[in-house]
Amino acid sequence: TLHHLSTDTLDTYMEQENDWDRDLLLDPAWEKQQRKTFTAWCNSHLRKAGTQIENIEEDFRDGLKLMLLLEVISGERLPKPERGKMRVHKINNVNKALDFIASKGVKLVSIGAEEIVDGNAKMTLGMIWTIILRFAIQDISVEETSAKEGLLLWCQRKTAPYKNVNVQNFHISWKDGLAFNALIHRHRPDLIDYDSLRKDDPVTNLNNAFEVAEKHLDIPKMLDAEDIVNTARPDEKAIMTYVSSFYHAFSGAQKAETAANRICKVLAVNQENEQMMEDYEKLASDLLEWIRRTIPWLENRTQEKTVNDMQAKQEDFRDYRCVHKPPKVQEKCQLEISFNTLQTKLRLSNRPAFMPSEGRMVSDINGAWHTLEGAEKGYEEWILSEIRRLERLEHLAEKFHQKAAIHESWTDGKETMLTQKDYETSTLSEVKALLRKHEAFESDLAAHQDRVEQIAAIAQELNELDYYDSASVNTRCQKICDQWDVLGALTQSRKESLERTEKQLESIDELYLEYAKRAAPFNNWMEGAMEDLQDMFIVHNIEEIQGLITAHEQFKSTLSEANKEREAIQSIQAEVQKIAQSNGIKLSGANPYTTITPESIDNKWEKAMAMVPLRDNALQEELNRQNSNDTLRAKFATQANTVGAYIQDKMEEIGRISIEMNGTLEDQLTSLKEYQKNIMSYMPEINKLESFHQLIQEALIFDNQYTSYTMEHLRVGWEQLLTTIARTINEVENQILTRDAKGISQEQLYEYRASFNHFDKDHSGALMAEEFKACLISLGYDVENDKQKRSGQMVSDDFRALLISTGNSLGDGEFSRIMGIVDPNGSGAVTFQAFIDFMSTETTDTDTADQVIASFKILAADKNYITAEELRRELPPDQAEYCIARMAPYTGHDAVPGALDYMSFSTALYGESDL
């Protein structure tokens with residue numbers, strides 16, 4: 001990656017950058033160091049903005065954090081970034097950052113936004129290095145030197161007084177960590193105990209310097225001590241970046257040390273060059289000696305017998321390639337880097353070129369390395385060819401054993417199967433199935449012939465290739481071939497036996513079929529007959545049981561022909577047994593066409609014959625029972641018809657009595673109670689009917705053609721008769737109470753009763769809504785004259801006649817109010833008692849809540865409250881205590897202790913509030 005600053009102060013330094021970039025390509029470890037250092041350097045600035053990066057080439061791809069970094073280190077605002085996620089948005093953001101860098105006088109070469117967006121690590125690191133040069137190193141100046149030389153001179157001046165510190169560059173001079181500690185101690189001796197540090201413990205030295213700088217100097221840790229120590233030459237850019245942070249931290253004390261650093265510069269160059277020459281000579285000698293020892297091992301071609309043995313060699317070779325060789329590749333790379341760096345330093349310092357000892361030139365090492373790689377290639381090819389050769393043998397052996405195992409698994413049990421004589425006890429269908437199964441086996445046997453031939457061929461090839469385990473292969477192959485011949489002979493023998501048995505069973509099968517065709521319908525007939533003979537019957541009259549007896553007699557007449565059919569079926573089975581015995585056939589026992597056996601036919605026949613007389617007896621018993629039930633029906637019907645007629649007559653009679661009653665209410669009541677007593681004298685007849693009904697129920701008789709009455713119907717009629725008499729008596733008693741309480745005259749009650757009976761067209765003892773409305777009009781009740789209604793006075797006889805003659809009707813609103821009084825349950829019917837209560841209320845004077853309040857006020861001496869003492873003085877004791885217990889305390893403005901509210905109490909008495 002090439003990147004150039006356009007400023008004059010960096011022209012010379014940037015010429016050297018080309019050499020550094022070429023060096024970077026030789027050692028990937030430097031890239032790792034640059035990643036850590038540049039990431040830490042970026043985060044040291046980004047944390048000021050409250051963020052950081054984790055992966056330097058990934059986190060700058062969208063350009064957002066790159067623009068933020070430039071704003072932090074420059075203190076200037078960049079154009080507003082684009083927040084989209086598309087590639088074009090990311091490229092535009094990166095271009096804004098690159099344009100800003102260019103605006104600071106830096107010319108970027110070969111660094112484009114696309115490479116940064118694509119995550120190109122080299123380009124990203126180059127861009128960050130450009131930013132570091134511009135904003136962290138460019139302005140460093142010591143004794144008319146700037147950038148890299150100025151920073152190096154500053155370090156040399158600062159560390160000159162310290163033992164074991166000789167800063168000649170930005171790579172090797174920093175490996176032991178003493179230079180970092182010296183810089184800190186020079187400026188902050190309170191933070192470092194320099195005398196306690198040892199040159200032979202670089203990791204401890206580096207970690208001490210990095211931790212102190214991070215904790216006390218606010219310089220983030222940019223490198224790991226192990227990365228520096230384990231690298232032959234640490235990355236120069238990483239070290240410069242790290243050291244520049246120290247420079248900026250201690251820049252105030254820089255000028256005082258500039259002169260001392262300039263003096264040490266020349267001496268340091270010579271010391272460094274000499275040390276690099278010694279390191280090269282030693283490293284070259286060690287590498288050549290390792291190559292000399294390794295080549296004979298790679299040229300060894302001793303063969304092995306098995307794949308596992310060869311794979312062990314292959315694993316050793318892999319271990320060589322992955323474990324032993326990589327460090328040597330690193331040493332060779334470092335050797336070339338050291339040689340090139342040394343020659344460059346000598347040339348730049350006008351010193352003669354370095355000439356290694358004889359045989360240790362870079363070209364000598366490359367030649368020995370080329371020979372080593374040639375031996376490696378040949379050894380690897382030989383191992384692979386040997387493995388392929390041994391794998392072929394093992395594959396053939398595995399294939400042989402696999403096919404042999406499959407064949408042996410298939411033949412397992414086949415000899416036993418072919419020698420069994422299962423056909424001797426099989427049915428015809430089973431023998432035919434065995435034949436088809438045997439034919440399938442013959443086809444399978446023929447198909448396995450190819451496998452047997454393949455097994456023999458593989459065994460022959462293994463013998464020809466001198467397989468180490470040929471003996472066991474030959475033994476197994478011979479066993480398979482011998483067994484194959486035996487299977488062929490047994491297969492032919494079994495086929496002949498099956499065909500012979502098939503012919504013998506075919507003749508028996510025809511007889512079995514005929515037996516099945518005749519046995520099935522006969523068995524069904526017997527089962528149906530047994531079911532009919534055992535069938536439970538339920539009859540309700542003599543006609544039904546006589547029908548069952550007739551059907552049973554018809555069934556008995558068919559038994560003779562049925563017995564002949566049974567004997568014919570049994571003769572077929574006897575013929576089967578005869579054929580089997582003459583031909584030596586072992587019958588399996590069951591007929592393949594039916595499950596009906598001769599024994600089951602005989603057993604069912606015997607059972608059916610035994611059921612016939614049982615059926616005869618059952619039918620005769622039922623006939624006797626039905627005759628007895630018919631007698632019970634007649635007795636119940638005679639009594640029921642008598643009781644039903646009696647109840648009907650009495651119901652009509654009580655209806656007439658309730659309408660035509662004359663005389664005083666007391667005379668009517670006496671007459672009704674005498675009539676009730678007369679009705680109750682008929683109760684023995686009802687009980688007699690109940691006894692007949694109990695016998696009917698016990699006999700489970702559910703119908704009776706001799707009467708239309710049921711016991712339930714007669715019970716309801718009898719109860720209705722008694723209820724009607726009781727209700728009529730109760731109405732007369734209530735009329736007497738109403739008359740006495742309201743002062744209604746006997747003539748008024750007659751008039752009300754006559755009107756009520758007139759409109760009770762169905763004699764139900766209740767008026768429907770329209771009937772009740774007509775009844776009110778007939779009595780002259782005027783609901784439209786509200787004032788007259790409230791006074792409780794009826795209209796004159798002349799006006800009553802006028803209402804009747806004109807057909808005047810009550811208003812709907814007023815009539816609804818009246819219906820709410822006489823029919824509070826909303827049944828739609830008005831009883832005579834409700835009618836009497838309403839009429840008595842409308843025509844008589846009654847006490848009101850206002851009248852009661854006025855009376856209490858008199859007792860209270862015109863006060864708005866009354867005391868318990870006044871109540872006990874003026875009223876009887878029980879009534880006084882009744883009032884005291886129910887009156888609420890008086891709460892008016894003129895209340896006194898113990899005052900009681902008689903107004904609320906009076907209102908509650910008439911239901912106008914809660915008592």
Side-chain angles (χ1 to χ4, degrees), residues 636-693 707-768 771-772 775 778-779 822-823 827 829-840:
F636 177 83
T638 300
Q639 182 69 10
N641 291 335
T642 301
V643 172
Y646 174 83
I647 293 174
Q648 186 173 358
D649 292 343
K650 294 303 177 181
M651 284 295 294
E652 294 175 356
E653 186 175 295
I654 191 62
R656 291 192 302 271
I657 290 174
S658 64
I659 295 174
E660 300 171 358
M661 286 188 301
N662 295 315
T664 64
L665 293 177
E666 285 78 4
D667 293 341
Q668 293 177 17
L669 180 61
T670 301
S671 177
L672 285 172
K673 287 185 177 180
E674 185 65 28
Y675 186 79
Q676 183 184 39
K677 183 178 180 181
N678 182 48
I679 292 296
M680 292 302 296
S681 66
Y682 195 73
M683 191 65 188
E685 296 299 321
I686 300 296
N687 293 336
K688 182 179 179 181
L689 183 64
E690 286 285 0
S691 65
F692 288 157
H693 181 256
T707 182
S708 60
Y709 290 109
T710 65
M711 192 66 227
E712 184 63 28
H713 176 251
L714 293 173
R715 286 195 191 103
V716 173
W718 176 253
E719 292 171 357
Q720 185 177 0
L721 175 61
L722 298 179
T723 302
T724 301
I725 295 173
R727 183 169 61 245
T728 303
I729 292 174
N730 180 256
E731 287 180 357
V732 173
E733 292 174 340
N734 288 336
Q735 290 175 28
I736 293 173
L737 292 174
T738 302
R739 182 197 64 189
D740 296 342
K742 302 295 184 178
I744 300 174
S745 67
Q746 185 71 32
E747 290 75 14
Q748 286 178 311
L749 286 176
Y750 285 152
E751 183 181 7
Y752 295 155
R753 167 57 74 178
S755 297
F756 188 89
N757 289 342
H758 174 77
F759 289 100
D760 184 11
K761 303 299 183 182
D762 56 357
H763 305 293
S764 62
L767 299 180
M768 297 297 102
E771 293 174 342
F772 175 63
C775 183
S778 71
L779 294 173
V822 298
D823 184 22
S827 64
V830 181
T831 65
F832 181 70
Q833 184 61 45
F835 174 70
I836 291 297
D837 291 341
F838 171 74
M839 295 305 298
S840 64

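Both backbone and side-chain heavy atoms feed into the values below; hydrogens, waters and symmetry mates do not.
One finds the CG atom of Asn734 at 9.0 Å from the OG1 atom of Thr831 (value rounded to the nearest 0.5 Å). In this structure, Met651 CE and Asp649 CG are separated by 11.5 Å, a value rounded to the nearest 0.5 Å. Here Ile736 contributes atom CD1 and Glu666 contributes atom CD; the two are 4.5 Å apart, rounded to the nearest 0.5 Å. Taking CE of Met768 as the start and OG of Ser827 as the end, the distance is 7.5 Å to the nearest 0.5 Å. Rounded to the nearest 0.5 angstrom, Lys688 NZ and Met683 CE are separated by 15.0 Å. Note that CG of Leu665 and OG1 of Thr670 are 11.0 Å apart. Values are rounded to the nearest 0.5 Å.
Residues His693 and Thr710 form no side-chain contact, since every pair of their non-hydrogen atoms from C-beta on lies 4.5 Å or further apart. At a threshold of 4.5 Å between non-hydrogen side-chain atoms, the residues Leu672 and Ile725 do not count as touching.
Using modelled atom types, one side-chain atom of Thr724 and one backbone atom of Gln720 make a donor-acceptor pair closer than 3.5 Å. A donor-acceptor pair is defined here as one N or O able to donate and one able to accept, closer than 3.5 Å; no such pair exists between the side chain of Asn730 and the backbone of Ala726. Looking only at distances, a side-chain donor or acceptor of Gln639 sits under 3.5 Å from a matching main-chain atom of Glu685.
Annotation: ring pair (Phe, Tyr, Trp, His ring centres under 6.0 Å) contacts of His758 (sequence neighbours excluded): none. For the salt bridge (charged side-chain N to carboxylate O under 4.0 Å, His left out) test, no residue two or more places apart in sequence or in another chain qualifies with Glu674. Take Glu771 and apply the side-chain hydrogen bond (donor to acceptor under 3.5 Å, both in side chains) test, not counting sequence neighbours, and it matches no residue. Shown here are the side-chain hydrogen bond (donor to acceptor under 3.5 Å, both in side chains) partners of Glu690, two or more places apart in sequence or in another chain: Arg715. Applying the ring pair (Phe, Tyr, Trp, His ring centres under 6.0 Å) rule to Tyr682 yields the partners Tyr646; only residues at least two apart in sequence or on another chain are considered. Applying the side-chain hydrogen bond (donor to acceptor under 3.5 Å, both in side chains) test to Ser681 and every residue at least two apart in sequence or in another chain returns nothing.
Taking both residues in full, the closest heavy atoms of Ile647 and Trp718 are given as CD1-N, 3.7 Å, listed atom of the first, atom of the second, then distance. Between Ala640 and Leu689, the shortest heavy-atom contact is N-CD1, 3.6 Å. Taking each heavy atom of Thr642 and Thr638 in turn, the nearest pair found is OG1-O, 3.1 Å.
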Check your understanding: Going through the checks in order, is the side-chain contact (heavy atoms from CB on, under 4.5 Å) test met by Lys650 and Glu653?
Key -> CA-CA 5 Å; Lys650 294 303 177 181; Glu653 186 175 295; 3.9 Å; yes

